[in-house]
Number of protein chains: 2
Amino acid sequence: MSASIEDVATLAGVSIATVSRSLRGLPDVAPTTRARVLAAARTLDYVASPFAARLASGRTATIGAIVPFVNRWFFGEVIAGAEGILREADYDLLLYNLDDVAGRERFFARMPVRKRVDGVLVISMLLADEELAALKALNVPLALVGNGAPGAHSVHIDDTAGARVAVDHLIGLGHRRIGLIGGRMDDPMRFTAAGDRHQGYLEALDAAAIPRNPDLEAIGYFTFDGGEEAMKSLLALPERPTAVFVESDEMAYGALRAIRREGLRIPQDIAVIGFDDHVTAELLDLSTVRQPVQEQGAKAARALLDAIADPSAQPRELVLPTELIVRNSTDPSVPPL
Amino acid sequence: MSASIEDVATLAGVSIATVSRSLRGLPDVAPTTRARVLAAARTLDYVASPFAARLASGRTATIGAIVPFVNRWFFGEVIAGAEGILREADYDLLLYNLDDVAGRERFFARMPVRKRVDGVLVISMLLADEELAALKALNVPLALVGNGAPGAHSVHIDDTAGARVAVDHLIGLGHRRIGLIGGRMDDPMRFTAAGDRHQGYLEALDAAAIPRNPDLEAIGYFTFDGGEEAMKSLLALPERPTAVFVESDEMAYGALRAIRREGLRIPQDIAVIGFDDHVTAELLDLSTVRQPVQEQGAKAARALLDAIADPSAQPRELVLPTELIVRNSTDPSVPPL
DNA sequence: CTGAAAGCGCTAACAA
DNA sequence: TTGTTAGCGCTTTCAG
């Protein structure tokens with residue numbers, strides 16, 4: 001096996017306590033002693049066994065990240081953002097991918113994070129009361145990305161405001177008959193974006209004194225196919241909308257396809273704006289509302305580290321700004337790709 | 001704090017050794033005793049401290065996954081595949097995201113996986129000799145996704161064969177002037193796909209007795225922009241190709257854009273086929289070569305678990321099949337979206 | 001400034 | 001079948 005703290009102590013001619021202190025940069029070690037220890041550690045290529053250190057100190061130097069789907073764009077970005085900050089601080093990132101409702105139940109039934117993390121990062125999940133309670137019972141700081149919860153740190157955008165900006169943009173272009181394509185509010189994974197963005201849509205209409213029209217609101221799955229289906233239903237209306245606000249870019253891609261299949265032109269016949277600024281939104285020339293994704297992960301990780309350093313600190317809520325990105329799918333004056 | 005093994009032992013009226021045995025399902029425990037222990041553990045909501053267990057047993061029950069970019073489609077899928085298998089086996093997944101060349105160097109300089117994993121999963125990286133040596137020095141099983149290495153388990157596709165199928169498809173459609181858009185062989189992250197796919201392109205031409213033509217080979221970054229630039233250079237040729245094989249779907253998206261901007265029609269003026277079957281390939285109606293991605297992660301994770309269970313087992317190499325997906329970007333007889 | 005020694009909460013012989 | 005006990009490799013008092 002590899003070198004242990006004893007080996008280093010022997011080689012440096014000091015006690016293991018001094019090795020421990022030297023290596024961790026604790027005060028009260030003579031500079032020359034420390035140098036000797038560092039040299040010994042280096043020649044033996046020594047690293048402390050994290051498990052022994054964790055057992056002895058009680059600190060795990062690990063963050064658990066709970067994510068619905070690692071393999072979706074948004075979540076991957078958030079994790080990348082968080083990982084960078086954590087790695088820098090020498091924290092490990094333990095990944096829990098829920099995958100579906102069954103996986104989510106399994107996670108909360110078994111609570112595999114117990115006794116193994118100093119903090120928990122929950123990505124884009126609206127937690128049920130019992131779930132929140134279960135996580136709080138871990139007695140470690142909790143940070144949420146995407147929405148807030150009492151007693152937890154949180155980093156998110158203002159979905160409602162973002163949606164309002166998108167719809168205002170359509171109104172500014174002269175549209176009055178504006179459709180909505182959105183996700184179900186009762187999504188099984190309980191994402192909150194759908195509800196909030198729907199709300200923003202309604203507020204924008206109200207502010208412009210455009211009457212609400214439930215016929216123009218098409219709800220479906222928060223996916224490409226869901227968007228396509230929803231758009232089809234709007235196109236089948238006796239009087240179809242001249243513009244649609246779609247609650248996510250992925251749904252918007254489906255909407256674009258439905259519109260093109262119908263032989264209609266974008267944006268002349270129907271203008272489309274999405275939400276997220278997904279990687280391929282630019283490629284598809286889709287107007288959208290950009291949200292900082294990696295940054296949400298990074299900020300949440302930072303919040304956790306701060307909370308671990310100072311457990312008495314109050315939970316903070318951080319709201320990051322969104323940005324309207326105008327492309328050719330809404331504005332014909334923007335040159336197409 | 002939460003319950004310890006002692007608490008359970010006391011409540012069940014047995015020794016801690018018996019608790020340990022009962023909870024881990026070891027033999028030689030009387031059924032009634034085991035039942036009593038399980039009941040006690042349940043009422044105390046007890047889980048063993050993983051750190052104590054790991055220190056005592058020497059098994060970490062965690063796998064380190066080293067990935068260039070969590071936030072890219074391919075890698076996210078691989079991780080999702082691996083995570084599922086590992087979670088099922090009660091293994092933790094420790095994520096190391098390299099992010100760039102500097103991150104890669106930092107990783108290998110510090111080797112943060114030391115003393116903390118029972119196995120290492122390396123995703124899509126061609127390891128330099130020193131890197132491979134460093135990982136082998138960990139003395140734990142090593143599994144690679146995307147390419148092989150002596151002494152390591154590996155799961156990958158046959159990139160060369162896949163590329164050949166793609167180019168054969170173009171040849172079958174009557175094309176003779178077939179361009180290539182590919183990544184640099186000397187990619188800083190050292191992905192191997194570029195070289196292998198390039199090779200397949202050449203082999204397909206040779207097999208069809210179509211002379212190679214270096215002018216038709218455009219090399220760039222393995223990204224959307226790289227593909228766009230490369231396509232532009234092909235379009236600028238005095239005699240442009242009638243079809244292009246692009247080594248990745250993401251590059252192909254860029255190529256599609258360059259072609260459309262030039263006012264040319266796909267596939268009538270130029271046929272385009274990509275590689276990967278990236279999520280949005282269907283949306284963009286792009287013909288491609290599909291590779292099983294999650295499955296590669298799952299199979300590699302399985303290989304690691306097997307190797308941990310039986311360290312004497314020889315490293316195995318698993319090659320998964322690819323599949324040609326014909327869409328409208330190459331074949332006009334396939335109805336467009 | 002440094003060392004001795006007592007844990008941290010388990011697992012794994014070894015006895016009984 | 002069960003209990004006793006010696007570690008696992010550190011961190012952290014507490015003396016010195």
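Reminder, nothing fancy here: chain letters follow the sequence lines and each chain counts from 1.
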Undergrad: Of the non-hydrogen atoms in A:Leu126 and A:Arg104, which two are nearest, and what is the gap between them?
TA: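 Where A:Leu126 meets A:Arg104 most closely, the heavy atoms are O-NH2, 3.0 Å.
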Undergrad: A:Ser4 or B:Ala17: which one's nearest nucleotide on DNA chain D is closer to the 5' end?
TA: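 Nearest-nucleotide comparison on DNA chain D picks B:Ala17.
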Undergrad: Start at the 5' end of DNA chain D and walk down; is the nucleotide closest to B:Arg21 or to B:Leu55 reached first?
TA: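 Nearest nucleotide further toward 5': that of B:Arg21.
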Undergrad: What is the separation between atom CD1 on A:Ile16 and atom P on D:dG9, rounded to the nearest whole Å?
TA: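 Taking CD1 of A:Ile16 and P of D:dG9, I get 11 Å after rounding.
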Undergrad: It should be established whether B:Lys115 places a side-chain nitrogen or oxygen under 4.0 Å from OP1 or OP2 of nucleotide D:dC10.
TA: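 Answer is yes, contact under 4.0 Å.
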Undergrad: Which one, C:dA12, D:dG3, C:dG9, comes nearest to the side chain of B:Val14?
TA: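 For B:Val14, the side-chain atoms sit closest to D:dG3.
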Undergrad: Less than 4.5 Å apart, side chain to side chain, heavy atoms only: is that true for B:Asp7 and B:Ser4?
TA: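 B:Asp7 reaches B:Ser4 side chain to side chain.
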Undergrad: Is there a side-chain contact between A:Ser20 and the phosphate of D:dC10, meaning an N or O under 4.0 Å from OP1 or OP2?
TA: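 For A:Ser20, the contact criterion (side-chain N or O under 4.0 Å from OP1 or OP2 of D:dC10) is not met.
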Undergrad: Could you tell me the separation between the CZ atom of A:Arg114 and the P atom of C:dG9, rounded to a whole number of Å?
TA: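 Taking CZ of A:Arg114 and P of C:dG9, I get 16 Å after rounding.
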Undergrad: Looking at CG of A:Leu144 and OG1 of A:Thr192, how far apart are the two atoms once the value is rounded to the nearest 0.5 Å?
TA: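 Interatomic distance, A:Leu144 CG to A:Thr192 OG1, rounded to 0.5 Å: 10.0 Å.
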Undergrad: Which listed nucleotide (D:dT12, C:dA12, D:dT1) is nearest to the side chain of B:Asp28?
TA: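 So the side chain of B:Asp28 is nearest to D:dT1.
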Undergrad: Would you please confirm or rule out a distance under 4.0 Å between OP1 or OP2 of D:dT4 and any side-chain N or O of B:Ser15?
TA: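 False: B:Ser15 side-chain N/O out of range (4.0 Å or more) of D:dT4 OP1/OP2.
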Undergrad: Salt bridge check, B:Arg114 against A:Asp45: does any charged N sit closer than 4.0 Å to a carboxylate O?
TA: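 Yes, charged N to carboxylate O under 4.0 Å.
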Undergrad: Taking only N and O in the side chain of B:Arg24, is any of them less than 4.0 Å away from OP1 or OP2 of C:dA12?
TA: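 Yes, within the criterion.
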Undergrad: For B:Glu6 and for A:Ala30, find the nucleotide of DNA chain C with the closest heavy atom, then tell me which residue's nucleotide is more 5'.
TA: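 Taking each residue's closest nucleotide, the earlier one in sequence belongs to A:Ala30.
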